[in-house]
Amino acid sequence: MIKITLPDGSQREYPKGTTSLQVALSISEGLARNVLASKVNGEVWDATRPILQDSSVNLLTWNDELGKSTLWHSSAHLLAEALEALYPGIKFGIGPPIENGFYYDVDLGGSQLNPEDFKKIEDKIIELARQNNPYIRKDVSKSDAISYFTEKKDEYKLDLLKDLNDGTITFYEQGKFTDLCRGPHIPSTGFIKAAKVMSIAGAYWRGDEKNKQLTRIYAITFPKEKELKEYLILLEEAKKRDHRKLGKELELFCFSEKVGMGLPLWLPAGAALRERLIQFMQKAQIKSGYLPVVTPHIGHKQLYVTSGHYEKYGADAFQPIKTPQEGEEFFLKPMNCPHHCEIYKSKPRSYKDLPIRLAEFGTVYRYEQHGELHGLTRVRGFTQDDAHLFCRPDQIEEEFCKVIDLVLYVFKALDFNDYTAQISLRDPSNTTKYIGSDENWKKAEDAIIASAKEKGLKTTTVLGEAAFYGPKLDFMVKDAIGRKWQLGTIQVDYNLPERFELEYTGSDNQKHRPVMIHRAPFGSLERFVAVLIEHCAGKFPLWLTPEQVMVLPISEKYNDYAKKVLDLLNNYDIRGLIDDRNEKIGRKIRDTEVKKIPYMLIVGEKEEEDQTVSVRKQGDGDAGSMSLSDFAAVIGKEIDGKLARLV
RNA sequence: GCCGAAGUAGCUCAGCUGGUAGAGCAGCUGAUUUGUAAUCAGCUGGUCGGGGGUUCGAGUCCCUUCUUCGGCUCCA
């Protein structure tokens, strides 16, 4: 007998070789019907795999992330089986689960797949799922595995096998399909009740541009038909939040082919919003001891030779601008730090001066690949809320903490709660590709980890993701359809101070090298606004929104009173517009709702007489009448609640 | 840059197998003077992304180019 410990701490005894599924069955039949996989001693296993020793078992269902991904992984095999049935001779790359569903990379040989084929594939998947074939795990020797895929002429699987050790190789078989796979899998295909092929795309084998491009088929499956429907509705809803769509509807920004792709044009409403964000940040930064500076949009080639960027990115950058007489080369600046380094160097610095925090809303230009441009999140010209902190090594942690405070203040003011913080450290197994001494790296990495901890950030740590010049802390958020974007970033840099030979005089009267911290709480205004739009679905916080109120006269008779109301509101620093069109009030309300303006003030005979306004909140409906000073107080309170002081 | 899809009025879209473009909204004009999510009527508006070709005839077929969308690769 073996002892099985369940997540609630209870222990039960079972015969040796009992499976998780049998454990589930002993608890309840309903549970057993829903078990997709299980976690045995922390490792995800097939629910049908015999357990041979005392273990802790955590049964996984659709409600567990790991249960979901197991179902999707198994679905990828099912997709492969369907594809093999429909397209004989097809070759398979890899087919992993992803955040929303799964994909399989396939080599279709000569033939092509079109969206019209999706239905056919989905039907086949469901047909095969209904056969309820079990997923059967098999240990195979490396030589047997090689001969199987050699026979099948699947060079991709053979390529994968090269990196695997004999004795650790397993196959999974369901129905007529056998795949090289570590597992685990769901007990049988019958758990898959609904399938949808989402899209196809090219993907290089092993992610390498030099390799052959395979066809990647994205799909998603569900254990219930209803859940697929709900998912599709959710996707539709998410599309309505897309910043490209809302940006157009709310007239925030646009693009022009004539101006050039990836070069956003900010429309008046968008520019006002952007300007407000800048002022907000400027104010917070000045409070935190930053010194605003201004530098030009171009820089001499020599600046980037010194910084090392010319060597590293010269080929990808925009081409240089040449002066007509001397033939000197200038580049559009791809970042602000080299300029700021030269500002640091403009006079001798003492240890007493540090830290020096130079801030600039610097517009930078980068050559992004054509296929990479994406709304406002990936553009060729953008403005960073950039700053560079020059400090002593012993100041890194304190400065880091202060920057984290600033980022959190920004996120709070904008109701950003759903972010993750990623600490990127260097790859300990390959320290040679990084610049800077081991000692300094350790200091910086420790400082980041300590400050993130001190600030109570929920972090993920990724080894090998550090920049070559230093470790960093990035704040990531997701867009409407779940794509992850980096917003705020804090990066330690040992490289530039070295290259620009920055120094300060220490208390020992010796020259020392300062450490530089790059930081941008928004990241770029463009990307930040994009994510913000999607985050709030275009309903911006009151302090930020382009227009806070719309005054709606009941008829043209009350346009004069409406004008007076707006003038008084302006005195309270409340911004708004009047809808003085010759339309009925219902129409004006509807149009204002669609524009997502937070407050509507309806004025007619009654209001003019009482010198009041009838307040209607966007999305909420009639909120009754009040005097203008009362209304101004309501607005003021709502804004103050968000813009609590930076501590 | 690579793979795939798309581009028709300011916006959202229709236009079957080729026979010289259509709707709703927006805009303009007029009527209406309105009480909490669309008042009515009339009118304007498109070299169908650009260029080339096939054809008696191209929004529709072919080639090419640009842009956009979904991915891949990249991201100082």
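Letters A, B, ... mirror the listed sequences (proteins, then strands); counts begin at 1. All heavy atoms count here, side chains included; hydrogens, waters and symmetry mates do not.
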- Message: What's A/Arg527 touching, base or sugar-phosphate or nothing? Going by heavy atoms closer than 4.0 Å.
- Response: nothing
- Task: Using the C1' atom as the reference point in each nucleotide, state the distance between B/A21 and B/G15 in Å, no decimals.
- Result: 8 Å
- Between B/U67, B/U33, B/G70, which one does the side chain of A/Ser555 approach most closely? B/U33
- Contact class for A/Gly624 vs. all strands (heavy atom < 4.0 Å): base, sugar-phosphate, or nothing? nothing
- Any side-chain N or O of A/His370 less than 4.0 Å from the OP1 or OP2 oxygen of B/C2? no
- Give the rounded distance in Å between these two atoms: CZ of A/Phe318 and P of B/G1. 12 Å
- Task: Answer with base, sugar-phosphate or nothing: what part of the nucleic acid does A/Lys584 contact at a heavy-atom distance below 4.0 Å?
- Result: base
- Task: Assign A/Gly621 to base, sugar-phosphate, or nothing according to its heavy-atom contacts below 4.0 angstrom with the strands shown.
- Result: nothing
- Classify the side-chain pair A/Asn336/A/Asp386 by whether it contains a donor and acceptor separated by less than 3.5 Å. yes
- Polar side-chain contact A/Glu556-B/U33 base: donor and acceptor under 3.5 Å: yes
- Message: Under 4.0 Å, counting only non-hydrogen atoms across every strand here, what does A/Gly371 touch: a base, just sugar-phosphate, or nothing?
- Response: base
- Message: Please confirm whether the shortest side-chain N or O distance from A/His374 to OP1 or OP2 of B/G70 is below 4.0 Å.
- Response: yes
- N/O donor-acceptor pair, side chain A/Arg587 with base B/A38, under 3.5 angstrom: no
- Query: If we ignore angles and hydrogens, is there a donor and acceptor under 3.5 Å between the side chains of A/Glu638 and A/Tyr599?
  - Reply: yes
- Closest-nucleotide 5' rank along RNA chain B - winner of A/Phe255 and A/Cys337: A/Phe255
- Query: With a 4.0 Å cut-off on heavy atoms, is A/Glu583 in touch with a base, just the backbone sugar-phosphate, or nothing at all?
  - Reply: base
- Query: Looking for any heavy atom pair under 4.0 Å, which part of the strands does A/Lys606 touch: base, sugar-phosphate only, or nothing?
  - Reply: base
- Do the side chain of A/Glu607 and the base of B/G35 come within less than 3.5 angstrom through a donor-acceptor pair of N or O atoms? yes
- Between A/Arg206 and B/C72, does any side-chain N or O lie under 4.0 Å from OP1 or OP2? no
- Item | Face-to-face contact A/Tyr218 to B/G71 six-ring, under 5.5 Å, under 30° | no
- Task: Using a heavy-atom cut-off of under 4.0 Å over every strand shown, decide if A/Met335 touches base, sugar-phosphate, or nothing.
- Result: base
- Rounded to the nearest Å, what distance is computed from the CG atom of residue A/Asp242 to the P atom of nucleotide B/U12? 12 Å
- For A/Phe331 and B/A76, give me the distance from atom CZ to atom P, rounded to whole Å. 18 Å
- Task: Establish, from distance only, whether the side-chain atoms of A/Ser424 and A/Gln422 form a donor-acceptor pair under 3.5 Å.
- Result: yes
- Using purine N1 to pyrimidine N3 plus N6-O4 or O6-N4 for Watson-Crick, or N1-O2 and O6-N3 for G-U wobble, each under 3.5 Å, what pairs with B/C43? B/G27
- Could you verify whether a donor N or O on one side chain and an acceptor N or O on the other, from A/Tyr310 and A/Gln302, lie under 3.5 Å apart? no
- Item | base_contact_polar (B/C74 base, A/Arg378 side chain, donor-acceptor, <3.5 Å) | yes
- Give one of base, sugar-phosphate or nothing for A/Ser307, where a contact means two heavy atoms less than 4.0 Å apart. nothing
- Under 3.5 Å on both distances, the Watson-Crick or G-U partner of B/U33: none
- Mind checking A/Glu605 for me? I need base, sugar-phosphate or nothing, with any heavy atom below 4.0 Å counting as a touch. base
- Query: Quick one: the side chain of A/Tyr204 and the base of B/G1, do they pair up donor-acceptor inside 3.5 Å?
  - Reply: yes
- Query: Base, sugar-phosphate, or nothing: which does A/Ile585 touch, judged by heavy atoms less than 4.0 Å apart?
  - Reply: sugar-phosphate
- Query: Parallel, tilted or perpendicular for A/Trp441 and A/Tyr494, by the 30°/60° rule?
  - Reply: tilted
- Task: Would you mind reading off the distance between A/Ile200 atom CD1 and B/G70 atom P, rounded to a whole angstrom?
- Result: 15 Å
- Item | A/Thr295 and A/Glu360: side chain donor to acceptor below 3.5 Å | yes
- Pick base, sugar-phosphate or nothing for A/Ala203, based on heavy-atom distances below 4.0 Å to the nucleic acid. sugar-phosphate
- Message: Just N and O in the side chain of A/Arg216: are any of them under 4.0 Å from OP1 or OP2 of B/G70?
- Response: no
- When you measure from the side chain of A/Arg616 to the backbone N and O of A/Gly621, does any donor-acceptor pair fall under 3.5 Å? no
- Message: Within the 3.5 Å criterion, strictly below it, is a donor on A/Asn100 or A/Trp72 matched to an acceptor on the partner's side chain?
- Response: no
- Item | Euclidean distance, atom CG of residue A/Asp579 to atom P of B/U39 [Å, nearest integer] | 12 Å
- Message: What is the distance, to the nearest angstrom, from the CD atom on A/Gln384 to the P atom on B/C75?
- Response: 16 Å
- Take atom CD1 of A/Ile98 and atom P of B/G70, then tell me their distance rounded to the nearest Å. 15 Å
- Using whole Å, report how far CD of A/Glu593 lies from C1' of B/U36. 9 Å
- Message: Can you say whether a donor on the side chain of A/Gln213 sits under 3.5 Å from an acceptor on the base of B/C2, or the other way round?
- Response: yes
